[in-house]
2 protein chains.
Amino acid sequence: MASARQISGPCQAWPEDSAFIREVLDRIGDKWTMLTISTLSAGPLRYSDLQANIAGISQRMLTQTLKHLERDGLITRTAYAEVPPRVEYELTDLGRSLIEVVLAMAEWAVAHHGEIAGNRAASELTGIGRAKAAAKASAG
Amino acid sequence: MASARQISGPCQAWPEDSAFIREVLDRIGDKWTMLTISTLSAGPLRYSDLQANIAGISQRMLTQTLKHLERDGLITRTAYAEVPPRVEYELTDLGRSLIEVVLAMAEWAVAHHGEIAGNRAASELTGIGRAKAAAKASAG
DNA sequence: CTGAATCCCGCTCGATACTG
DNA sequence: CAGTATCGAGCGGGATTCAG
């Protein structure tokens, strides 16, 4: 997983990888996929547990996200013919491999979100975000 | 950057990180941000070079993406008062730190996109994607 | 409890035209 | 060359309702 290419120094761009970036982004870049995966990283969960844990997701989006993940082989769905019905979702090995990516993103976010917030606030003062920033400032 | 938490074994979910995941996803999970950053990873580029290199991006989206990136301190914008005008965009250190994340995603995509495509195709045959797959199958 | 189906709003994004 | 302004279609996604 680590360092198939070197990232330091002036290297050529990888145009042939752009398609893959777009592909993975189209797949996991939507609003709920990442959160669902990270929520499942701790172990199998039922539908209602997922909905409770993800906090803000609707049934529609949860169902849709789970379907996509199952279709791509990132999670498995196990339905128990009981009453009341019970369905558990669990990451596959492929899904677990994505956790590393999610984790890298999360760690980057944790490490830099303060810095970004600071930059953003500073930019609004210096006028980089003119249009919307000014509108919001005058509105608020 | 590496291993702030361990990822193997049954660990507790990190609900407190969900907000960060959402935050970074809202920031870099859009359609063009990642590609712009990866395109800039090779070095400074001008506006038109970016547009030519990203392939498919419109002026509107390019401008918007660049503005957001600049506002967050991920890139710098340098305008030269010449004729014809010239503007160069370059990653900041903060922006460069994101390349690792982008790279991790790209490598994951390269490594697994074939597997995912296979799973997806197999799922359609076994009927997991019933609704939409059936509709598309009957339509096509 | 676990979903499927429907309605509908808002926002994103793309195309176009215009400016400095 | 490097943007800005405006308009319109498409769809993501939330609330609600219905079914097994």
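Note on naming: letters A, B, ... go to the chains in the order of the sequence lines (proteins, then strands), and numbering restarts at 1 for each one. Model, not experiment: these values are computed from the prediction.
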S.K.: Going by heavy atoms in the side chains, are B/T78 and B/E90 under 4.5 Å from each other?
M.R.: no

S.K.: Just to confirm, is there a sub-4.0 Å distance from OP1 or OP2 of D/dA2 to any side-chain nitrogen or oxygen of B/T63?
M.R.: no

S.K.: What is the distance from CZ of B/R46 to C1' of D/dC1, rounded to the nearest Å?
M.R.: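 One finds 7 Å between C1' of D/dC1 and CZ of B/R46, rounded.
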
S.K.: Given D/dC1, D/dT16, D/dG13, which nucleotide is nearest the side-chain atoms of A/R60?
M.R.: D/dG13

S.K.: Could you please name the option among D/dG3, C/dC13, D/dG14 that lies closest to any side-chain atom of A/W32?
M.R.: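 The listed nucleotide nearest to A/W32's side chain is D/dG14.
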
S.K.: Hey, does A/L50 have a side-chain heavy atom less than 4.5 Å from the side chain of A/Y89?
M.R.: yes

S.K.: Rounded to the nearest angstrom, tell me the gap between atom CD in B/Q51 and atom C1' in D/dA2.
M.R.: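 The distance from CD of B/Q51 to C1' of D/dA2 comes to 10 Å, rounded to the nearest Å.
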
S.K.: Once you round it to whole Å, what is the distance between P of D/dG12 and CG of A/D30?
M.R.: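 Whole-Å distance recorded here is 9 Å.
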
S.K.: Please give, in whole Å, the distance from C/dT2 P to A/Q64 CD?
M.R.: 19 Å

S.K.: Can you measure B/E82 atom CD to D/dA2 atom P for me and round it to whole angstrom units?
M.R.: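 Result: 10 Å.
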
S.K.: Given C/dT2, D/dG14, D/dC1, which nucleotide is nearest the side-chain atoms of A/S58?
M.R.: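 Selected nucleotide: D/dG14.
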
S.K.: What integer distance in Å separates A/I57:CD1 from D/dG14:P?
M.R.: 8 Å

S.K.: Do B/L45 and B/E88 have side chains that get closer than 4.5 Å, going by heavy atoms?
M.R.: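 No, every pair of side-chain atoms sits at 4.5 Å or beyond.
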
S.K.: Applying a 4.0 Å non-hydrogen cut-off, can you work out what B/Y89 is touching in the nucleic acid: base, sugar-phosphate, or nothing?
M.R.: sugar-phosphate

S.K.: Starting from C1' on D/dG12, measure out to CG on A/L62 and report it in whole angstrom.
M.R.: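 The distance from CG of A/L62 to C1' of D/dG12 comes to 16 Å, rounded to the nearest Å.
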
S.K.: D/dA2 C1' sits how many Å from B/K67 NZ, rounded?
M.R.: 11 Å

S.K.: Can you work out whether A/K31 or A/P85 has the more 5'-proximal nearest nucleotide on DNA chain D?
M.R.: A/K31

S.K.: Answer yes or no: is there a donor N or O on one side and an acceptor on the other, between the side chain of A/T33 and the main chain of A/D30, under 3.5 Å?
M.R.: no

S.K.: From the options C/dT2, D/dA2, D/dG3, select the nucleotide whose nearest atom is closest to the side chain of B/R86.
M.R.: D/dA2

S.K.: By nearest atom, which of the nucleotides D/dG3, D/dT16, D/dG14 is closest to the A/M61 side chain?
M.R.: D/dG14

S.K.: Check whether any side-chain heavy atom of B/N119 lies under 4.5 Å from a side-chain heavy atom of A/R71, and answer yes or no.
M.R.: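 Contact flag for B/N119/A/R71 side chains = no.
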
